[in-house]
Amino acid sequence: MKIGVLALQGAFIEHEHVLKRLGVEAVEVRLPKELEGLAGVIIPGGESTTIGKLAVQYHLIEPLREMARSGRALWGTCAGLIFMAKDVGRDQPLLGLMDVTVQRNAFGRQVDSFEADLEVKGISGTRPFHGVFIRAPLIESVGPGVEVLARFDSAIVAARQSNLLVTSFHPELSGDDRFHQYFLKMAAQ
Ligand code: GLN
């Protein structure tokens, strides 16, 4: 199975390392033709405005939407979640696939980054998943087709909409591969 990692900006290398550790071929995606033959794509954390602008420049918006429409798996972490959302309360290039409203930088400037143990639906094992939040967004509301997978306090921080997955934290930085394993199962379906 081949999984693409959108490599325009941000923390894409870390996702590649996890995929390789799990025995999966990781393909860096910068051009539409590089999406061919992929079972799924990960959109990494970084700066969502930059990722969006570059995706427009590289003509990736429609091909990524088409991938999602054809049922292949997409996973956005942090800035990737913002880029996949329908509504982020401001004007910036978005894929607009995931029926969620998102608040960027929701945890305030003082507490830019923090870590928290999360109970995540669908993640194997009994121990919690350690979430690394870096200038993280939160999901304010979800549409009827969206399943909430995890919350931090009352904020939604992980969700799934059939073949689409979003997390406001960075599973590629926690040294715990269970989230990537969950995504690989989605991609294999
Ligand atoms: N704050 C960033 C944004 O709004 C996201 C941060 C991240 O991806 N770690 O795009």
Side-chain angles (χ1 to χ4, degrees), residues 3-19 26 28-30 40-58 60-61 64-65 68 73-118 120 129-142 146 148-161 164-180 182-183:
I3 299 290
V5 184
L6 194 66
L8 300 173
Q9 190 264 336
F12 51 90
I13 304 272
E14 290 78 3
H15 279 291
E16 289 173 40
H17 289 160
V18 183
L19 291 172
E28 290 189 357
V29 173
R30 295 185 185 83
V41 173
I42 299 175
I43 302 170
E47 207 48 57
S48 61
T49 43
T50 308
I51 292 174
K53 278 181 201 161
L54 290 171
V56 170
Q57 262 173 36
Y58 285 76
L60 278 163
I61 300 275
L64 284 167
R65 286 182 182 149
L74 252 63
W75 175 18
T77 56
C78 203
L81 147 65
I82 298 166
F83 183 49
M84 279 173 65
K86 280 209 170 131
D87 181 1
V88 302
R90 50 179 279 175
D91 193 22
Q92 65 182 78
L94 300 174
L95 290 176
L97 293 165
M98 191 83 191
D99 192 9
V100 295
T101 60
V102 170
Q103 189 189 337
R104 290 180 61 187
N105 302 314
F107 297 97
R109 285 195 180 167
Q110 296 299 325
V111 213
D112 275 340
S113 306
F114 62 96
E115 303 187 9
D117 281 336
L118 306 167
V120 186
F129 193 91
H130 194 66
V132 178
F133 295 80
I134 304 169
R135 291 177 297 114
L138 69 76
I139 300 171
E140 287 174 321
S141 65
V142 302
V146 179
V148 173
L149 299 181
R151 289 178 192 266
F152 172 70
D153 289 339
S154 58
I156 301 167
V157 294
R160 177 174 177 177
Q161 176 187 316
L164 309 176
L165 179 67
V166 290
T167 48
S168 68
F169 48 97
H170 286 262
E172 78 284 8
L173 299 180
S174 63
D176 183 340
D177 297 345
R178 285 177 295 163
F179 238 103
H180 288 75
Y182 179 89
F183 178 67

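Positions are given from 1 along the sequence. As the structure lists them, so they are numbered: ligands from 1, and atoms in each ligand from 1.
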Does any N/O atom on [X] come nearer than 3.5 Å to any N/O atom on ligand 1?
X   : result
G45 : no
T49 : no
C78 : no

Shortest heavy-atom approach to atom 2 (C) of ligand 1 - which of G46, P44, P137:
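Among G46, P44, P137, the closest heavy atom to atom 2 (C) of ligand 1 comes from G46.
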Looking at non-hydrogen atoms alone, which of R104, R135, H170 comes nearest to atom 3 (C) of ligand 1?
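Going through R104, R135, H170 one by one, R104 has the nearest heavy atom to atom 3 (C) of ligand 1.
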Where is the nearest protein heavy atom to atom 1 (N) of ligand 1: which residue, which atom, and how far?
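Result: N105 OD1, 2.7 Å.
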Please work out which of the three classes, parallel, tilted or perpendicular, describes the rings of H15 and W75, given edges at 30° and 60°.
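W75 vs H15 ring planes: perpendicular.
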Should the ring pair F169 and F129 be called parallel, tilted or perpendicular, given that the plane angle runs from 0 to 90° and is split at 30 and 60?
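Judged by the thresholds at 30° and 60°, the geometry between F169 and F129 is tilted.
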Let me confirm one number: the CG-SG distance from L173 to C78, rounded to the nearest 0.5 Å.
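The SG atom of C78 is 9.5 Å from CG of L173, to the nearest 0.5 Å.
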Rounded to the nearest 0.5 Å, what separates atom CZ in F183 from atom CG in L19?
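Interatomic distance, F183 CZ to L19 CG, rounded to 0.5 Å: 8.5 Å.
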May I ask you to list the atoms of ligand 1 that are less than 4.0 angstrom from any heavy atom of S48?
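By the 4.0 Å cutoff, the relevant atoms are 3 (C), 4 (O), 10 (O).
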Number the atoms of ligand 1 from 1 as they appear, then name those within less than 4.0 Å of a heavy atom of I82, with their elements.
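Result: 3 (C), 4 (O), 10 (O).
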For T77, which part has a heavy atom under 4.0 Å from ligand 1: side chain, backbone, both, or neither?
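Answer for T77: neither.
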Checking side chain to side chain donor-acceptor pair (under 3.5 Å) between S141 and each of D87, D99, T101, which is the one that passes?
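When D87, D99, T101 are each tested with S141, the side chain to side chain donor-acceptor pair (under 3.5 Å) holds only for T101.
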Among V120, L165, D177, which residue satisfies the side chain to side chain contact (heavy atoms under 4.5 Å, CB included) criterion with Y182?
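Going through V120, L165, D177 one by one, the side chain to side chain contact (heavy atoms under 4.5 Å, CB included) with Y182 is satisfied by L165 alone.
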Check this for me: does any side-chain nitrogen of one of E47 and K53 sit under 4.0 Å from a carboxylate oxygen of the other?
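So E47 does not pair with K53 through a salt bridge.
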